[in-house]
Protein chains: 2
Amino acid sequence: MPPDVHEPDLHPPDLHQDVAARLAGRDGRYTGSRRDLIQALAEAGRPLTVDEIVERSPRQRPSSVYRNLAVFEAQGVVRRLAGVGDLARFELTEALVGHHHHLACQTCGAMTDVQLPHDLEVRLDEVLTQLAHSEGFTLSSHELDAVGVCQACSEGEN
Amino acid sequence: MPPDVHEPDLHPPDLHQDVAARLAGRDGRYTGSRRDLIQALAEAGRPLTVDEIVERSPRQRPSSVYRNLAVFEAQGVVRRLAGVGDLARFELTEALVGHHHHLACQTCGAMTDVQLPHDLEVRLDEVLTQLAHSEGFTLSSHELDAVGVCQACSEGEN
DNA sequence: ATGAGTGCAAAGGCTTTGCATTAGG
DNA sequence: CCTAATGCAAAGCCTTTGCACTCAT
């Protein structure tokens, strides 16, 4: 049986325990604000901008959100991605929510998480590993985003 | 010889003619500065930041580079991508240089263009089209970046 | 000559940082 | 109690924009 890495548990209780544990290592406090932040990212199930996080976790100001995101990023809990638009988006790392990709709307910037069939994922990794090797790179991961127009935008003709 | 879709001509002369033609349509002038900009992107063979463009095309200031990039983007000559780091990177569109992906160094931010085997590309499109459809999206393209550590960074242990 | 293109400087917008205050453990 | 965490406001930085000048056609 192959050492399949995917599908970690992400049920809220376990998630918060996991995050708290990663923070505890280096004198980090899992405050209510930070818990709200993680909860927001977990519930969204897609990358969020700082503004979207603030909406969902109103007790912390943007500056604190940025600081907390930086802390989480350093602990491998949160990942920052550049996204299709111009604002930074953040999501829980694959260590917490598993490997996945994104479907992004080129019109409104909305994103959704999606999963690829396992065999395609494997093939991709094989090919990319080889390609990277031939360029002198050591592959560590890959990012695949499907870009298109979401239903709302194609209907509303925004 | 297989009807391989990729590999459009991008030999400097043809490239500039192509770009000039696209600009000419809507009263755009292919000035020396603009030519330098396109030349820089073509020679790099990878996405460049605005600073990198200015280094390679010193006769235009950043503000002009941004303006020209915006013009080229509107004409489908240049594409802006969010990149792995935090600064915007720009590259010639696939209409000019063909479909390709990137290999990015997570340490220094360097990027290189890479090509996937045709069959994998086809399979990817099939799967993504279907996935997008099931989410109400109309797929228009996909972006795949391999992330790793380049030779220089793994040796220098930056 | 006539309007596009460019430089310069100021404005914008997201993100980061300094400092004093609050609060978690 | 003691240090981390937070709010607020100021600073930073990349990017955009206004305006006058220059240049291509």
Side-chain angles (χ1 to χ4, degrees), chain A residues 16-17 19-41 47-75 77-91 109 111, chain B residues 16-17 19-40 47-75 77-91 109:
Chain A
H16 290 298
Q17 274 183 35
V19 173
R22 289 174 192 253
L23 225 51
R26 335 186 183 183
D27 74 344
R29 297 173 185 172
Y30 199 40
T31 61
S33 294
R34 290 184 174 174
R35 190 189 164 92
D36 287 354
L37 196 168
I38 295 300
Q39 185 69 31
L41 289 176
L48 296 181
T49 63
V50 168
D51 281 348
E52 291 172 334
I53 293 172
V54 172
E55 284 172 22
R56 293 166 172 71
S57 172
R59 61 169 142 165
Q60 55 193 323
R61 304 299 157 211
S63 64
S64 296
V65 172
Y66 280 112
R67 265 189 288 232
N68 285 329
L69 286 169
V71 170
F72 285 136
E73 202 175 355
Q75 310 305 323
V77 172
V78 161
R79 187 170 87 93
R80 168 185 223 136
L81 47 93
V84 174
D86 36 0
L87 1 160
R89 285 179 179 271
F90 300 84
E91 65 178 0
M111 295 189 103
Chain B
H16 290 298
Q17 273 182 35
V19 172
R22 289 174 192 253
L23 226 50
R26 334 186 185 185
D27 74 344
R29 297 174 185 169
Y30 200 39
T31 61
S33 293
R34 291 182 173 176
R35 191 189 165 92
D36 286 355
L37 195 169
I38 295 299
Q39 184 69 30
L48 296 181
T49 64
V50 168
D51 281 347
E52 290 172 335
I53 293 171
V54 171
E55 283 172 22
R56 293 165 172 71
S57 174
R59 62 169 140 163
Q60 57 193 323
R61 304 299 159 213
S63 63
S64 295
V65 172
Y66 281 111
R67 266 190 286 234
N68 286 329
L69 286 169
V71 169
F72 285 137
E73 203 174 355
Q75 311 304 325
V77 172
V78 162
R79 187 170 85 94
R80 166 185 225 138
L81 49 93
V84 175
D86 36 0
L87 2 159
R89 283 178 181 273
F90 300 83
E91 67 179 359

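Residue numbers start from 1 in every chain, and the chains themselves are labelled A, B, ... in the order their sequence lines are given, proteins ahead of strands. Excluded from the calculations below are hydrogen atoms, water molecules and symmetry mates; all remaining heavy atoms, backbone and side chain alike, are included.
- Note: CZ (B/Phe90) to C1' (D/dT16) measures 12 Å, nearest angstrom.
- Remark: A/Arg29 engages no residue in a salt bridge (Lys or Arg N to Asp or Glu O under 4.0 Å) (not counting sequence neighbours).
- A tilted orientation is assigned to the rings of A/His16 and A/Tyr30, their planes being inclined by 30° to 60°.
- Atoms CD1 (A/Ile38) and C1' (D/dA5) sit 15 Å apart, rounded to a whole Å.
- Residues B/Arg34 and B/Leu23 form a side-chain contact, since some pair of their non-hydrogen atoms from C-beta on lies under 4.5 Å apart.
- The CG-C1' distance, from A/Asn68 to D/dG7, rounds to 12 Å in whole Å.
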Produce the list of close N/O pairs, under 3.5 Å, pairing protein atoms with atoms of nucleotides 22-25 of chain C; give distances to one decimal.
{"residue": "C/dG24", "atom": "N2", "partner": "A/Arg29", "partner atom": "NH2", "Å": "3.1"}

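- When the C1' atom of C/dT6 is taken as reference, atom CG of B/Leu69 falls 14 Å away, rounded to whole Å.
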> Can B/Leu81 and B/Glu91 be said to form a side-chain contact (heavy atoms from CB on, under 4.5 Å), step by step?
Replying inline: CA-CA 8 Å; B/Leu81 49 93; B/Glu91 67 179 359; 3.4 Å; yes
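- With no hydrogens or angles considered, a side-chain donor-acceptor pair links A/Asn68 and A/Gln60 at under 3.5 Å.
- Dashed line: the shortest gap from a side-chain N or O of A/Ser63 to OP1 or OP2 of D/dG7 is not under 4.0 Å.
- In this structure, A/Arg61 atom CZ and C/dA20 atom P are separated by 21 Å, rounded to whole Å.
- Counting to the nearest Å, the P atom of C/dC14 and the CD1 atom of A/Ile53 are 15 Å from each other.
- Legend: residues meeting side chain to side chain contact (heavy atoms under 4.5 Å, CB included) with A/Thr49, ordered by chain and number and at least two apart, are A/Asp51, A/Glu52, A/Leu87, A/Arg89.
- Counting only heavy atoms from C-beta outward, the side chains of A/Phe72 and A/Leu37 approach each other to under 4.5 Å.
- Rounded to an integer number of Å, the gap from CD of B/Glu73 to C1' of D/dT16 is 14 Å.
- Between the CD atom of A/Gln60 and the P atom of D/dC8 there is a distance of 13 Å, rounded to whole Å.
- The side chain of A/Arg67 places no N or O atom within less than 4.0 Å of a non-bridging phosphate oxygen (OP1 or OP2) of D/dT6.
- For the OP1/OP2 pair of D/dT6 and a distance below 4.0 Å, the side-chain nitrogens and oxygens of A/Arg34 include at least one atom meeting the criterion.
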